[in-house]
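Structure, as structure tokens:
Numbers for residues simply follow the sequence, beginning at 1.
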Amino acid sequence: VIEPIRGAFKMCPLTRKKPIKKNSDAIDIIKKLVFSATSIDTYVACPARFYFKYVLKLKEKENIKEDMEGIDIGKFLHDLLENAFSQFLFRKPEINKEFEKKLFAHLDREFDKVFLKKMKADSFMTRAVLHDRLSEFLQNERIRSVQKLLCLEQVFEGSINIGEEKFIFTAKLDRIDELANKELLIIDYKSGTTAKLPSKKTDKLLALNSREKIRDYVRSFQLPLYIYILEQGGKFSGNDINAALYNLRDIELDYLWKKEDKSTRKRLLDIYIDALQFILKEMIDPNIPFCPDDEERFCKYCPYYLMCR
């Protein structure tokens, strides 16, 4: 009788995630950072990831083809729309047949330069999808009540003071429109999955006493921070300001302020900025380590997955 070969292997569970102690060098680096909404959102999602990316400045791994193509297409669309709409700065956009013809001709020329060799067989389908999305985008732009285009891909700077510490922020705004009602609309183009907007449940927002609660209810500081920086600059302080994510997949605008009146907007923005101050204080608190977040479902997508174990 021949005995079957029996395989044997040992199961070793992953070690527990380890908090990273915060030393004076790390705090000094944080104090000197120029923050963006992305860097703040990174900390809120996972302090350990923030530490690896912004304190140690370790580059994220970028060898996954799908991710790289998504990044390339996002940048391509941003550059394309900036080039196309720059002629309308400080006036009302005219989305006519001539503009449409020039836009698609420019799309095809630039697409050939950037993607034709890289994508090869897939390039035909990608080009067709881009044509289709931009056609829907232009159709939507024709019916929007934009009176004037005020800026494109412009960098604004602001700051938040906490005691003697001054934290510097920058925001690169894709576009600012002046609408028919004189309200200003900050637009952030999204070519991938649209980020979640902050909650407006006041009972939850007034109890934001931990990073985890801020993660769950503020979700992203992007649009509140954009409004805060623009208001702080003074140039547009006399205007009502809204902000929206412009999803270029579904051609939908997701506004931060929907039906809220002026006083409600101010109260909510104050709550979001108070939450941001809470995060900044925690960042430079030597007694609070850079803890890996407890949401395991996001860990498998993290480029630093094994470094906090």
Verify the distance criterion only: is there a donor paired with an acceptor across the side chains of [X] and [Y] at less than 3.5 Å?
| X | Y | answer |
| --- | --- | --- |
| Gln222 | Asp188 | yes |
| Glu282 | Tyr43 | yes |
| Asp132 | Ser135 | no |

With a 4.5 Å limit on heavy-atom distance, are the side chains of [X] and [Y] in contact?
| X | Y | answer |
| --- | --- | --- |
| Pro198 | Tyr272 | yes |
| Phe137 | Tyr189 | yes |
| Asn242 | Ile186 | no |
| Ile73 | Leu130 | yes |

Inset, instruction - Test Lys258 against Lys200 for side-chain contact (heavy atoms from CB on, under 4.5 Å), laying out the working first. - result: CA-CA 11 Å; Lys258 295 179 173 67; Lys200 294 172 188 170; 4.2 Å; yes

Legend entry - Phe115 and Phe76 aromatic centres sub-6.0 Å: yes

Legend entry - Under-4.0 Å salt bridge between Asp270 and Lys266: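 Lys266 and Asp270: salt-bridged.
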
Legend entry - Lys/Arg-Asp/Glu bridge criterion (N-O < 4.0 Å) met for Arg249, Glu252: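 No, this pair does not count.
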
Inset, instruction - Applying side-chain contact (heavy atoms from CB on, under 4.5 Å), run through Arg144 and Asp177 and close with a yes or a no. - result: CA-CA 10 Å; Arg144 290 183 59 232; Asp177 293 343; 2.9 Å; yes

Inset, instruction - With sequence neighbours left out, write down each residue that passes salt bridge (charged side-chain N to carboxylate O under 4.0 Å, His left out) with Asp293, or none if nothing qualifies. - result: Arg211, Arg215

Inset, instruction - Just jot down the side-chain contact (heavy atoms from CB on, under 4.5 Å) partners of Glu153, sequence neighbours excluded, or say none. - result: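 By the side-chain contact (heavy atoms from CB on, under 4.5 Å) rule, Glu153 matches His78, Glu82, Lys172, Asp174.
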
Legend entry - Residues which pass side-chain contact (heavy atoms from CB on, under 4.5 Å) with Lys166, listed by chain and number, not counting sequence neighbours: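 side-chain contact (heavy atoms from CB on, under 4.5 Å) list for Lys166, sorted by chain: Ser159, Asn161, Ile168.
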
Minimum heavy-atom distance between [X] and [Y], given as atom pair plus value:
| X | Y | answer |
| --- | --- | --- |
| Lys182 | Glu178 | NZ-OE2, 3.4 Å |
| Ile214 | Ala275 | CD1-O, 3.6 Å |
| Tyr255 | Leu197 | O-CD1, 3.3 Å |

Inset, instruction - Could you walk me through whether Phe99 and Phe85 pass ring-ring contact (aromatic ring centres under 6.0 Å, His included), step by step? - result: CA-CA 9 Å; Phe99 172 79; Phe85 280 81; 5.4 Å; yes

Inset, instruction - Tell me, with the steps shown, if Arg175 and Val146 meet side-chain contact (heavy atoms from CB on, under 4.5 Å). - result: CA-CA 12 Å; Arg175 174 174 164 181; Val146 180; 4.3 Å; yes

